[in-house]
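These notes are about the structure you will find just below.
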Amino acid sequence: MSSRETGRQPKYQRIAAELRAAIDAGRYGPGDRLPGENDLMTEHGVARMTARQALGLLQAEGIAEARKGAGVFVRDFRPIRRRGVERLARAGWGEGRSVWAADIGERELAVDSVEVTHEPAPDAVAGVMGLDEAADLCVRRRRFVLDGKPVLLSTSYLPADLVTGTPITQPDTGPGGVYARLADLGHAPARFREELRSRMPSQDESDRLSLPPGVPVIQLARTAFDAAGRVVEVNEMVLDSAAYVLEYDFKA
């Protein structure tokens, strides 16, 4: 008789729920090793596959992570609180601070790969920018790593006719980043629009973010407009959903 017929949860879900409750109660803290498959088999009288499914469910939820040859451990979840309004304020990048500084406090955020190219505009980006599809764009691709863990992939598109020959085309754009350099050019961002959705990652995204199976990503697209209404940047970001809390604090 199936679990649906009996009205009961499958055994692996009940085991996962018990482990989740133990984590919430503090019996297992961040970095602690959870009972292994053999332990769960003995304690609950289940087959190895059932024990494996229970641990796999916690991994899929971002609660636990497997370490090869060592077992499954409670994930040390110190969320990045992405302050959507504060981080984009001109008071930050206008004074030479990175927009990422508002998110991480005293933690160390590193960019471990930077690629700057010139490419034809993708259809979707060309549409947002109001450009012909053959228009040339400066494309900046970066991967951000926090506490040794990849957390964000960023692809930034900027009009090539605006930024060619400027520090924006260099890996290091200088204090304040891209927005400060756009201000130097007389095209400071005056307005932003962000759109976000949750989805499952592609295999490449999963690999580059070192995601456990089943963990979704947040896709966030930001468009920056200058005072004249020109789109000066489209930034497409892919975030590890288990690493971020998105915070928006604004006046009514």
Check: residues 42-49 side-chain donor-acceptor pairs under 3.5 Å, at least two apart:
from, atom 1, to, atom 2, distance (Å)
T42, OG1, N38, O, 3.1
R48, NH1, E37, OE1, 3.1
R48, NH1, N38, OD1, 3.1
R48, NH2, N38, OD1, 2.7

Practice item. Please list all pairs passing the salt bridge (charged side-chain N to carboxylate O under 4.0 Å, His left out) test where one or both residues lie in residues 161-171, with sequence neighbours left out. Key: D161-R230
Check your understanding: Cluster question for you: counting only ILVMFWY and a side-chain heavy-atom cut-off of under 4.5 Å, with indirect links fine, are V163 and V178 together?
Key -> yes
Point to revise | Derivation of the side-chain contact (heavy atoms from CB on, under 4.5 Å) call for L55 and L19 | key: CA-CA 9 Å; L55 293 171; L19 291 171; 4.1 Å; yes
Check your understanding: Between I168 and L162, is a side-chain contact (heavy atoms from CB on, under 4.5 Å) present by the stated rule, with each step listed?
Key -> CA-CA 10 Å; I168 291 174; L162 179 63; over 6 Å; no
Exercise for review: Identify whether F192 and V232 are in the same connected component of the hydrophobic contact network (ILVMFWY, side-chain heavy atoms under 4.5 Å).
Suggested key: yes
For residues 209-219, run the donor-acceptor check on the side chains, cut-off 3.5 Å, and write out each pair with its distance to 0.1 Å, sequence neighbours left out.
from, atom 1, to, atom 2, distance (Å)
Q219, OE1, R199, NE, 2.6
Q219, OE1, R199, NH2, 3.0

Point to revise | Non-hydrogen side-chain atoms of L153 and M237 separated by less than 4.5 Å | key: no
Exercise for review: Run the numbers on H187 and R181 for side-chain contact (heavy atoms from CB on, under 4.5 Å), then give the verdict.
Suggested key: CA-CA 9 Å; H187 292 274; R181 302 292 77 75; over 6 Å; no
**Study point:** Nearest atoms (heavy-atom pairs only) where R143 meets P150
**Key:** NH1-CG, 3.8 Å
Check your understanding: Same cluster for V114 and V234 if Ile/Leu/Val/Met/Phe/Trp/Tyr side chains link at under 4.5 Å?
Key -> no
Practice item. Could you give me the CA-CA distance, side-chain angles and deciding distance for L185 and T166, then say whether side-chain contact (heavy atoms from CB on, under 4.5 Å) is met? Key: CA-CA 9 Å; L185 296 171; T166 74; 3.9 Å; yes
**Study point:** side chain to side chain donor-acceptor pair (under 3.5 Å) contacts in which one or both residues fall within residues 20-30, not counting sequence neighbours
**Key:** R20-E61
Exercise for review: Return the set of residues passing side chain to side chain donor-acceptor pair (under 3.5 Å) with D39 (not counting sequence neighbours), or none when no residue passes.
Suggested key: none
Exercise for review: Take N235 and T155, measure what side chain to side chain donor-acceptor pair (under 3.5 Å) needs, and give me the verdict at the end.
Suggested key: CA-CA 6 Å; N235 193 339; T155 304; over 6 Å; no
Point to revise | Minimum side-chain heavy-atom gap V151-Y244 below 4.5 Å | key: yes
Exercise for review: Would you indicate whether the side-chain heavy atoms of V72 and L58 approach each other to under 4.5 Å?
Suggested key: no
Point to revise | Cluster check F144, L196: I/L/V/M/F/W/Y, side chain < 4.5 angstrom | key: yes
Point to revise | Smallest separation among heavy atoms of G31 and R67, with atom names | key: CA-NH2, 4.2 Å
Check your understanding: When clusters are formed by joining ILVMFWY residues with side-chain heavy atoms under 4.5 Å apart, either directly or through shared neighbours, do L131 and Y157 land in the same one?
Key -> yes
Review point. So, is the end of the R193 side chain (NZ or CZ) under 6.0 Å from the ring centre of F225 and within 45° of the ring's axis?
Key: no
**Study point:** Residues in salt bridge (Lys or Arg N to Asp or Glu O under 4.0 Å) contact with R197, at least two apart in sequence or another chain
**Key:** none
Point to revise | Student check: side-chain heavy atoms of E233 and V231 closer than 4.5 Å | key: no
Practice item. Please round to the nearest 0.5 Å and tell me the distance separating atom OG1 of T117 and atom CD of E119. Key: 3.5 Å
